[in-house]
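The structure appears right after this line, and notes come after that.
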Amino acid sequence: MGYVDDVIKMVIKKNPAEPEFHQAVKEVLESLRAVVDANEEKYRREALLERLVEPDRQIKFRVPWVDDRGQVQVNTGYRVQFNNAIGPYKGGLRLHPSVNLGIIKFLGFEQIFKNSLTGLPIGGGKGGSDFDPKGKSDREVLAFCTSFVSELYKYIGADVDVPAGDIGTGAREIGYMFGTYKKITGSFEGVFTGKGLTYGGSLARTEATGYGLLYLTQEMLKFNGIDIKGKTIAISGAGNVAIYAAQKAEQLGATVVTASDSNGWIYDPEGIDIAALREIKEVKRARLTEYKKYRPKSEYYEGKGIWTVQCDIALPCATQNELTIEDAKALVANGCIAVAEGANMPTTLDATQFLQEHGVLFAPGKAANAGGVATSALEMTQNSERLSWTFEEVDSKLQQIMVNIFHNIEDAASRYNAKGNYVVGANIAGFEKVANAMISQGIW
Ligand code: NDP
Ligand code: 2IT
């Protein structure tokens, strides 16, 4: 067996019951085979892959808080600081009942390569809790966030580890967390990104992941001789990533026909009404069933099935493993030409392979959704220089970053004899910089 297979086997044995982490490690390491084979002796001697798959540290803590009835609730908090070879740990905080160590580790591992691809100096980390913000009052969310950061503050800092949003963590939660950090430490510093615009947040950070996804998708299509204008797009999710992906897609002249939440999905063949979607999700924090009140001709379906619609482009923007082999078959049968991942690891490994084998252009999340963290890094830069840039300035930097990411992954794939395989390209291009930095810094 080769080095890659040895390490995958070791990861599974050493980290049982963490299937999402195994999946993320398999995807990355298997696509690094060509690079690893070319450097096998050196990498083995340096235990480079063993060091890459073991987080620098993983922090797990109790988060007690009092609900509106006066009852004490207890959640579990996590921060996995995976790798800081190229910069301070950087990555979001996920608040969702499904959160466990394996999920945070898969996200933190992905983040290492994604952050490397941005070209900016940020390492990989991720955190969160099994707390469910859905249905909680503002006071309950504040109570949770205060308790969460009263432990987390010990491990983070503007030059150490800079958390941000993810599923369930938006502007409200980041505001409460930032306030708690400032109160405890007395330090006004850029320790979180995704902050409000009145206290150090960056213009365009809210839009960045969705916009960036479309900038990369547009560049991938253009490179392959296809115009995004006039295309029909299916988007899943109805949160931060999905909403701004839909907005940019429409600005680029495409028609977005779907959105979904964890209960069901909507089909609106004339094009999703984004103002309505924003009001339902960002203002009312309500369910997608509300959408029919705004657009009576739209259709609502309970449960799964979103990928059965006719579309040219599919953009999964909800959560991991939401696009399965059956979904991939339906997309191919309906003539889908491109899939780009707005969410982290939304496509299962067999579905990814099926899409690629059937000629569907496939942009993996660590490249396609890197616009969010890239703009977080731009927020860090603005905080360091105590300035704020205009929306246009940030947006144009974001566009340039996404275009560069596409060409870097395209180039890496071609260099390693895998032209058009952007999964291989993204993993190799992300890995090269981190591996070089790790080797240069000695044995840590
Ligand atoms: P939000 O919390 O804003 O929205 C998440 C959306 O996905 C909601 O519509 C939610 O529905 C749906 N969803 C969540 N979990 C599930 C599930 N188990 N099954 C079905 N639907 C689900 O999160 P974001 O938009 O920020 O994040 C979406 C994805 O994008 C995640 O994978 C995240 O890691 C990734 N990402 C986010 C970035 C960011 O900057 N925010 C950057 C890069 C990647 P419901 O309301 O019913 O839960
Ligand atoms: O998955 C991701 O890249 C994010 N949730 C954004 C992380 C960040 O630090 O902005």
Side-chain angles (χ1 to χ4, degrees), residues 20 87-99 103-104 106-115 117-118 120 122-128 132-135 156 161-174 190-195 201-202 204-213 235-246 258-266 277-278 280-282 285-289 303-304 306 315-323 341-347 364-380:
E20 292 87 359
Y89 306 108
K90 182 84 197 85
L93 295 169
R94 177 172 293 191
L95 300 182
H96 193 273
S98 63
V99 163
I103 287 187
I104 299 299
F106 115 64
L107 290 162
F109 185 69
E110 287 279 296
Q111 202 81 42
I112 302 170
F113 308 98
K114 182 196 303 193
N115 293 3
L117 285 172
T118 66
L120 300 167
I122 39 179
K126 198 85 185 189
D132 186 0
K134 234 177 269 165
I156 61 178
D161 182 356
V162 183
D166 194 76
I167 290 178
T169 307
R172 174 182 60 173
E173 291 74 19
I174 292 294
V191 62
F192 290 93
T193 58
K195 299 185 290 299
S202 174
R205 174 63 188 89
T206 305
E207 294 85 353
T209 311
Y211 279 22
L213 172 65
I235 294 183
S236 64
N240 174 263
V241 180
I243 288 173
Y244 294 97
T258 60
S260 68
D261 63 18
S262 45
N263 296 101
W265 56 284
I266 50 173
L277 191 63
R278 287 185 62 187
I280 294 164
K281 285 292 164 185
E282 292 179 349
R285 296 181 185 274
R287 308 308 301 164
L288 268 185
T289 40
K304 295 190 183 300
I306 191 167
L315 304 176
C317 296
T319 194
Q320 65 272 2
N321 292 328
E322 55 162 314
L323 200 162
E341 298 184 319
N344 285 308
M345 209 169 78
T347 316
K366 59 174 74 69
N369 71 37
V373 75
T375 306
S376 278
L378 299 179
E379 182 171 325
M380 290 165 69

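This is a predicted model, so every value here is computed, not measured. Start at 1 and go down the list; that is how both ligands and their atoms are numbered.
- At least one N or O atom of Ser262, backbone or side chain, sits closer than 3.5 Å to an N or O atom of ligand 1.
- One option in Lys114, Lys90, Arg205, Glu379 has a heavy atom closer to atom 6 (C) of ligand 2 than any other, and that option is Arg205.
- At a 4.0 Å heavy-atom cut-off, ligand 2 does not touch Thr209 at all.
- Judged by distance alone, the side chains of Arg205 and Ser376 do bring a donor and an acceptor atom under 3.5 Å apart.
- The shortest N or O to N or O distance between Val162 and ligand 2 is not below 3.5 Å.
- Closest to atom 9 (O) of ligand 1 among all protein heavy atoms lies Ala238 N, 2.9 Å.
- Close to ligand 1: Arg205, with a non-hydrogen atom less than 4.0 angstrom away.
- Looking at Arg94 against ligand 1, only its side chain comes within 4.0 Å, counting heavy atoms.
- Of all protein heavy atoms, the one closest to atom 33 (C) of ligand 1 is Asp166 OD1, 3.2 Å.
- At a heavy-atom distance under 4.0 Å, no atom of Glu110 approaches ligand 2.
- Residue, atom and distance of the protein heavy atom nearest to atom 18 (N) of ligand 1 are Thr319 CG2, 3.7 Å.
- Of the protein's non-hydrogen atoms, the one nearest atom 4 (O) of ligand 1 is Gly239 CA, 3.3 Å.
- In this structure, Asp261 contributes its side chain and Leu288 its backbone to a donor-acceptor pair below 3.5 Å.
- No part of Met380 comes within 4.0 Å of ligand 2, judged by heavy-atom distances.
- A side-chain donor-acceptor contact under 3.5 Å links Asn115 to the backbone of Lys90.
- Closest heavy-atom contact between Pro133 and Glu173: CB-OE2, 4.4 Å.
- At least one heavy atom of Arg287 sits closer than 4.0 Å to an atom of ligand 1.
- For the pair Gly165 and ligand 1, the shortest N or O to N or O distance does not fall below 3.5 Å.
- At the top of the distance list for atom 14 (C) of ligand 1, counting protein heavy atoms only, stands Ile167 CD1, 4.1 Å.
- At least one N or O atom of Gln111 sits closer than 3.5 Å to an N or O atom of ligand 2.
- At a heavy-atom cutoff of 4.0 Å, ligand 1 is contacted by no atom of Ala208, backbone or side chain.
- Residue contacts with ligand 1, taken as heavy atom pairs separated by less than 4.0 Å, involve Ser260 solely via the backbone atoms N, CA, C and O.
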